[in-house]
Amino acid sequence: MDIVGACVAFVHVSEQRSFTAGAAAAGVPQPVASRRVAALEKRLGGRLFDRSTRRGDLTPFGRALLPAARRLVGVAEALDDAAEQALRAPLRVAVPDICSTRGLAQLQLEAEEQGIHLEPQPASRVKRAELLRTQDVRAALMAVPRDEATWHVPLGLASAVDPEVEVLYLQTLRPGRGSLQEPRRVWIQPEDDVPHIRDRIYRARDTVGLRSGQVRVAHSVSAAAAAALGSDDFVLGSVEQARELGLHWTPVGELELVRGFAVFTTGGEDLDRLRSQIWDGIADCVGAVASGRRG
């Protein structure tokens, strides 16, 4: 028998002192309420209501069991509320702060269409790791080397000045002997301040003979963008970032640089939900190339 449904009928009939009104309060037809109360009486071994009157008067046995029935109904309602909240709980995911507002909005819309209440939290590379460690988010997109990545984002040099070449070689930025002109610099965003990107471009800098100060790590995304917008310097970034900033983007000639991302979670079914439902949406958000959309 449905003991919770029977207790709901029992409680409402006792409060209304009527099987008809109690059934209406419980949201069931009167015959259903009567059958449920009868089944509960059979299970408990005694009459809950005095059937000798037209009113739903409790028997002494019924009065003794009513407080326990109310507690059971209260627990069942609390369980229903908890289940509803759990189903509607947001899936908080830490994402790179280089994702555009439009990209994040489109990702949220795609998630909603799949029944996922996604709550992306843009954060720096270091902050994402901290949010995941403290479990303030249930998943995070982390920077990883290319061979460990699910998504691959090609990087190139973006500048306000059109280089008018299809491929830009770092060696062309080498200042001439005795030049008094300030050499053009390449700014690395904090997102790419990782060994598998930073160290490779540093080695290329030294190989082609650039000055040490010509390749620098910016302290923020906006600082890197400002340097490129306000001078003839370059910012290392993706095609999507260059397009958003109105910059000219060109691949680097001496080496292929790729920004890699993979999802790390706190456990449970979160990774499966992301993989099966919004994997491609994440790829679009970070600006991944088509070949790296699915792991």
Side-chain angles (χ1 to χ4, degrees), residues 1-94 104-121 131-132 134-140 263 265-282:
M1 64 169 289
D2 177 8
I3 192 167
V4 174
C7 285
V8 169
F10 170 36
V11 169
H12 281 293
V13 171
S14 68
E15 290 175 346
Q16 300 295 326
R17 301 186 67 184
S18 162
F19 272 85
T20 301
V28 296
Q30 187 272 327
V32 173
S34 297
R35 286 198 300 271
R36 289 181 178 179
V37 169
L40 184 61
E41 289 175 329
K42 183 177 181 180
R43 177 187 175 94
L44 299 177
R47 288 282 187 178
L48 298 171
F49 292 98
D50 184 355
R51 301 296 202 282
S52 64
T53 66
R54 295 175 61 86
R55 293 164 43 168
D57 293 328
L58 290 169
T59 63
F61 181 69
R63 284 193 295 272
L65 295 186
L66 181 60
R70 282 179 171 148
R71 287 195 295 272
L72 178 59
V73 171
V75 170
E77 290 175 348
L79 180 62
D80 288 339
D81 291 341
E84 183 178 356
Q85 291 178 14
L87 290 172
R88 297 179 60 187
L91 175 55
R92 294 188 177 90
V93 179
L104 291 174
Q106 289 177 329
L107 178 60
Q108 283 186 273
L109 285 173
E110 180 175 333
E112 290 291 344
E113 291 172 356
Q114 298 295 327
I116 300 176
H117 181 31
L118 187 70
E119 215 174 79
Q121 295 194 8
L131 289 171
L132 189 66
T134 58
Q135 297 192 18
D136 287 314
V137 296
R138 289 160 59 184
V263 172
T265 73
T266 56
E269 62 181 11
D270 294 332
L271 183 58
D272 291 335
R273 294 176 69 193
L274 293 173
R275 179 182 288 117
S276 63
Q277 296 174 288
I278 57 171
W279 217 235
D280 287 347
I282 295 174

Trainee: Of the non-hydrogen atoms in D57 and R17, which two are nearest, and what is the gap between them?
Mentor: OD1-NH2, 2.7 Å
Trainee: So, for V137 and T266, which heavy atoms are closest and what is the spacing to 0.1 Å?
Mentor: O-CG2, 3.5 Å
Trainee: Please enumerate all residues that pass side chain to side chain contact (heavy atoms under 4.5 Å, CB included) together with L104, with sequence neighbours excluded.
Mentor: V95, C99, P120, P122, C285
Trainee: Heavy atoms, side chains only, cut-off 4.5 Å: are V93 and Q121 in contact?
Mentor: no
Trainee: Residues in side-chain hydrogen bond (donor to acceptor under 3.5 Å, both in side chains) with E119, at least two apart?
Mentor: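 E119 satisfies side-chain hydrogen bond (donor to acceptor under 3.5 Å, both in side chains) with R92 only.
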Trainee: For residues A111 and I278, report the shortest heavy-atom separation together with the two atoms involved.
Mentor: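 Scanning both residues, the minimum pair turns out to be CA-CG2, 3.7 Å.
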Trainee: Please give me the minimum heavy-atom distance between V263 and A139, naming the atom from each residue.
Mentor: CG1-CB, 4.2 Å
Trainee: Could you list the donor-acceptor pairs under 3.5 angstrom formed between side-chain atoms of residues 25-41 and any protein atom two or more places apart in sequence or on another chain?
Mentor:
unit_1: Q30; atom_1: NE2; unit_2: S34; atom_2: OG; d: 2.7
unit_1: S34; atom_1: OG; unit_2: Q30; atom_2: O; d: 3.2
unit_1: E41; atom_1: OE1; unit_2: R51; atom_2: NH2; d: 3.0
unit_1: E41; atom_1: OE2; unit_2: L48; atom_2: N; d: 2.7
unit_1: E41; atom_1: OE2; unit_2: F49; atom_2: N; d: 3.4
unit_1: E41; atom_1: OE2; unit_2: R51; atom_2: NH1; d: 3.0

Trainee: Donor-acceptor pairs under 3.5 Å, side chain of residues 61-74 to any protein atom, not counting sequence neighbours: which ones?
Mentor:
unit_1: R63; atom_1: NH1; unit_2: L58; atom_2: O; d: 3.1

Trainee: List for me each residue that meets side chain to side chain contact (heavy atoms under 4.5 Å, CB included) alongside D136, sequence neighbours excluded, and say none if there are none.
Mentor: L131, T134
Trainee: Under the side-chain hydrogen bond (donor to acceptor under 3.5 Å, both in side chains) test, which residues partner E112, sequence neighbours left out?
Mentor: H117
